[in-house]
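First the structure, in the form of C-alpha cells, and then the observations on it.
Just so it is clear, the structure is predicted and the values come from calculations on it, not from any experiment. The sequence lines fix the lettering, A, B, ..., with proteins before strands; numbering per chain opens at 1.
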Protein chains: 4
Amino acid sequence: MTPAPGADHRKQPRRRGAALNSAIFEAVRAEIAESGYAALTMERVAERARASKASLYRRWPGRAALVLDAAYDVMPNDSSVPDTGSLRGDVLALMRQIVRLLDGVLGEAMLGLLGESLQNPEAAAQIREFGRGNMVRTMREIVGRAVARGECDASLVTERRLEAGPALLRHRVLFSGLPVGDDYLQEVVDDVVLPLFGVRPARRPETSPEG
Amino acid sequence: MTPAPGADHRKQPRRRGAALNSAIFEAVRAEIAESGYAALTMERVAERARASKASLYRRWPGRAALVLDAAYDVMPNDSSVPDTGSLRGDVLALMRQIVRLLDGVLGEAMLGLLGESLQNPEAAAQIREFGRGNMVRTMREIVGRAVARGECDASLVTERRLEAGPALLRHRVLFSGLPVGDDYLQEVVDDVVLPLFGVRPARRPETSPEG
Amino acid sequence: MTPAPGADHRKQPRRRGAALNSAIFEAVRAEIAESGYAALTMERVAERARASKASLYRRWPGRAALVLDAAYDVMPNDSSVPDTGSLRGDVLALMRQIVRLLDGVLGEAMLGLLGESLQNPEAAAQIREFGRGNMVRTMREIVGRAVARGECDASLVTERRLEAGPALLRHRVLFSGLPVGDDYLQEVVDDVVLPLFGVRPARRPETSPEG
Amino acid sequence: MTPAPGADHRKQPRRRGAALNSAIFEAVRAEIAESGYAALTMERVAERARASKASLYRRWPGRAALVLDAAYDVMPNDSSVPDTGSLRGDVLALMRQIVRLLDGVLGEAMLGLLGESLQNPEAAAQIREFGRGNMVRTMREIVGRAVARGECDASLVTERRLEAGPALLRHRVLFSGLPVGDDYLQEVVDDVVLPLFGVRPARRPETSPEG
DNA sequence: CTCTAAACGAGACGGTACGTCCAGTCTTCGG
DNA sequence: CCGAAGACTGGACGTACCGTCTCGTTTAGAG
C-alpha cells in the first residue's frame, strides 16, 4: 500500500528552465479558462503542469506573480499604435484592440489580478504596471499625431482628457458586468473623447460642444 | 482530557439580535481598520466580537455579505445632492463628498468588496449596487439643474458624458494608488466635465469672467 | 473538476470525542501493522481514520505522542505480578509476559518510539515512562517475595541486580534482531538472575556460582 | 526572471576523493554537534560541506550510512583491551573506555543510529555491527585472562554472563537519560559482574581481603 | 411566574490549500 | 569525460480558515 518510491510514471525527460516555465504557464491558463481566477490554486497548477509546488515557489512568490507572468506570456506584443489617419479612427481602433485583448483568458486573469491588488496593497504596485499606462500612453501618441495633422488644438491636450477614454472603458468593464459592444465604444469616442479634443464627430454632427 | 465544559469566564450577559449585530459590525470594522480587508476572516471577526461563527453564518452567507452590511451600517445617509448654484460647484462638491466617503474604513471595505466582485462574478451583482449608480444618478440631477438654469445645453447631456467624471475619479482611486487631492478633482472638473457640458471653466473664481 | 464542497460521503453522524479517538487509534495501529512505525504518517492516519489532520493535531502535538497514546490504548492492564511460588517461576513468567507484549503491533510501536526518543531527547522523557520502570518494579516485588519465602538472602538484593534481567532482555530485543525464544529466557534466568540472588537453578545444577 | 544558471561563487579548486570525504565527515560531525542527529539532513550536510547532494548519494546510500562512516572516521582505534592484572580492574577500565567513547559527538551519532535501526530494520543489521559485539568480545577476552590467572572458574563463563555488564551499561545509557557516573560502573562491576564470575568484590581496594 | 423554543457561545469536525522542507533522481556544464 | 552543482518530482509537514455540526446555556416571550 505504500507507494513504491521508484514507481515513476514519466518517460519524457525532466523539463527544466524555459520548457518547464512554458508548461506551467499553460497550466495556469488552462485552470483560469476552466475555473476562473478565484479557483486557481498553486496545488492544482502544479498537478496540472506535472510539476512540483517547490518548482512553482522557486520561481514565483505567490499566485499573483505567477498569473501575472502567465498572462504576460500570452500578451500579444503586436499592440502597435493604430494609425488610421483620423483621431476618431485611431481611438476606436485602440479601444477595440483593448477590448479584444480583455476577451478571454487574459481578461479573466487581469480582472482577477486587479481584484487581488485592491485587497492586497503591497502587491498592487507590481500588478498595476501590468495593463496600465499603456493605454494612456498610446492615447497621447494618437492625439499628438492629430495635433500634428491640425485636427485638433494642442492647448486642449491635458492629462485628464487623455485619461477620459481609458477611464470610461475600464469603468464599463469593471462595474457594469455587461459586454462592451462596439456601440458603447462609439458613444465614448463621439460623446466624450472627440469633443474633449475639439474634433467634430463624424457620426453625430449635432453634438459638438462648440454650441 | 476533555476540558470542563462549564468553565466559563464571561459575566456580561449574552447579546442577541440587534445588539449582537452591532457588536459584529464593530468587530468587522475594527479588523478592517487594523489589518485590511484581505486579512479579514470570519474566524477573527467571531473571536473579536465574542460571538460564535455559527451566529455569523446564521446572518450572512459569507464574508462579502457581512462586510457589505457592516459598511452600510456606517454609510452616512447625509449624501444629499449638493446645490451650490453652479455646475462647477456642484460637481466639485459631489466629488469631494465621494472622496471623503472613501477615506478610511469604508473605503477599504469598498475596495475589498470590489476586488471580491472581480474574482467572484456571482457575488458581483449584489456588491455592484453598493456604491454604484449613485454617483452617476447624482450627476444627472446636478446637470439637470444646470440645464434648467440655462448654464448648459440639454442636447449635450448624454449617458457617457455623465459617466466621465465618476469614471475618472474611480480610475484614479483604483489604478493610481495615490491620494486624490483637491487639485486632481479640479482638473477633472475643469478639463473634462465642464467642457463636455459646454460650460466655460473658471478655475480661479477670483479671475472670474464676470468681472 | 472542482469537487463539489457539499458532496459528502458520510452518512453516519460526525464522530467526536472518544469515538473519534478510538477510530484514530485503530487507524494508527493498522498503519503500524501494515507499514511499520517509520512509514507512519499523520496524513495517512488522518485519511485512514476518515478524520482531518486538524483533529489529529488538536489532540497530539506530533507523531510520537499519537503513537504513544494509541499504544497505551491497547496495553493490557492484566500485567499482574506473577506468583508461581518460586523465584525462577516468577521471573520466567514475567519475562514471558513482556516478550508476549512486545510481539506484534505494540512491540513495533514501542521500538519505534524508543528510536524516536534516542534521536529526540526532548520527547524522550515522556516516552521513557512508557515501558520503563515497570519491569524493574515488578522484579523488586518478585524478589521481595523470594526473600520472604527464605529463598534468597536480603543482602543480595541491590538495584543493579534487579536491573540485570530486564537489561539483558532489552539488550536482546534491541541489539540482536533475533526472536526471543524461551531458551534465551531460561538462560537469562538460570545463568544470571538466579545466581545473582543466590538461588540454585533447577535446570543446570552444575552451573552454580557457589563453586 | 529566471536566475542566471551560471552564477557560481566558488573560487577554491574543486575537491575530490579523500579531501572531499573528509570535508563531508567534518560537516556531518559539526551538524550533529550543533543540532543533534535528528536534525541532520543530507541537504544541510551538503551545504555545509560545500558539496552537492549527488556527491553524497554517490558515496553513501543514505543518512545512516553517512553518519556511520563519519563516526567511524573519528573512532579512536586505541580501544585496546585493558589489562590491569585483575578482573575488576579490567572490567572497570573497559566500561570507562566505553563511557568516554559515548561522550560527545560520537555518542550522539551512535544513539541516533541506534534509533534509526530500531525504526528501519533493513538498515539495522549494518548499523548493529557498529558498536556491538566489541564489548562482549572484549569481555570474553578479559574474563578468559581471569580464568587463566585462576581468578575465576571456567565453568562460570557463559554467553549471558558475558553480556550482563554490557547490557546494564547500555540499559543505563539508553533508558535513564542520566549521566553514567563512575559510581554506577562500580556498582555494576561489584554487584553483578564479579559475583557472576565467582570473584569476591573488593569495592574498596584499601579494605582488600588480602590484608 | 413558569415553561419552552429559539438564539447563542464555544469550539470540534471534515476539508482544502497554504508555503516549507527534505529525499532521492536527473540534467547540465565546468575543469 | 568524470563529477560537482543544483534543478527537478514527490510528498509530508504543521497551520489557517472554511462552512457545518453538536453541545449546553441563556434569554425572551407565551401561557
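Judged by distance alone, the side chain of C:Glu108 and the main-chain N or O of C:Tyr37 form a donor-acceptor pair under 3.5 Å. With hydrogens and angles ignored, the 3.5 Å screen pairs a side-chain donor or acceptor of D:Ser52 with a backbone N or O of D:Ser55.
C:Gly62 comes within contact range of no nucleotide atom at all, as no heavy-atom separation falls under 4.0 Å. Among the atoms of the strands shown, only primed sugar atoms or phosphate atoms (P, OP1, OP2) are found under 4.0 Å from some heavy atom of B:Arg59. Here B:Ala54 lies in heavy-atom contact (under 4.0 Å) with a base.
C:Arg58 places its CZ atom 14 Å from the C1' atom of F:dG14, with the value rounded to the nearest Å. Rounded to a whole Å, the CD atom of A:Glu47 is 12 Å from the P atom of E:dC18. One interatomic measurement links the two molecules: CH2 of A:Trp60 to P of E:dC18, which rounds to 14 Å at whole-angstrom precision. If you take CG of C:Leu20 and P of E:dA12, they are 12 Å apart, rounded to a whole angstrom. One can place OH of A:Tyr57 at 18 Å from C1' of F:dA7, the figure rounded to the nearest angstrom. As a whole-Å value, the separation of B:Arg48 CZ from E:dG11 C1' is 20 Å. Regarding B:Met42, its CE atom lies at a distance of 16 Å from the C1' atom of E:dG11, rounded to whole Å. Rounded to whole Å, the distance from CG on C:Leu66 to P on F:dG14 is 11 Å.
Between D:Thr41 and the phosphate of E:dC21, there is no side-chain N or O to OP1/OP2 separation shorter than 4.0 Å.
Taking the charged nitrogens against the carboxylate oxygens, C:Arg59 and C:Asp69 have no contact shorter than 4.0 Å, which rules out a salt bridge. Note on B:Glu26 versus B:Arg29: salt bridge recorded, some NZ/NE/NH1/NH2 to OD/OE distance being below 4.0 Å. In summary, B:Arg48 and B:Glu34 engage in a salt bridge, as defined by a charged side-chain N under 4.0 Å from a carboxylate O.
If you find the closest nucleotide of DNA chain E to C:Ser55 and to A:Arg63, the one lying nearer the 5' end belongs to C:Ser55.
Checked by distance alone, A:Lys53 brings a side-chain donor or acceptor within 3.5 Å of a matching partner on the base of E:dG19. For D:Ser52 against F:dA5, a side-chain N or O and a base N or O form a donor-acceptor pair under 3.5 Å.
Nearest nucleotide to the D:Ala51 side chain, out of E:dA10, F:dA5, E:dC18: F:dA5. If you check F:dT20, E:dC22, F:dC13 against the side chain of C:Glu43, the one that comes closest is F:dC13.
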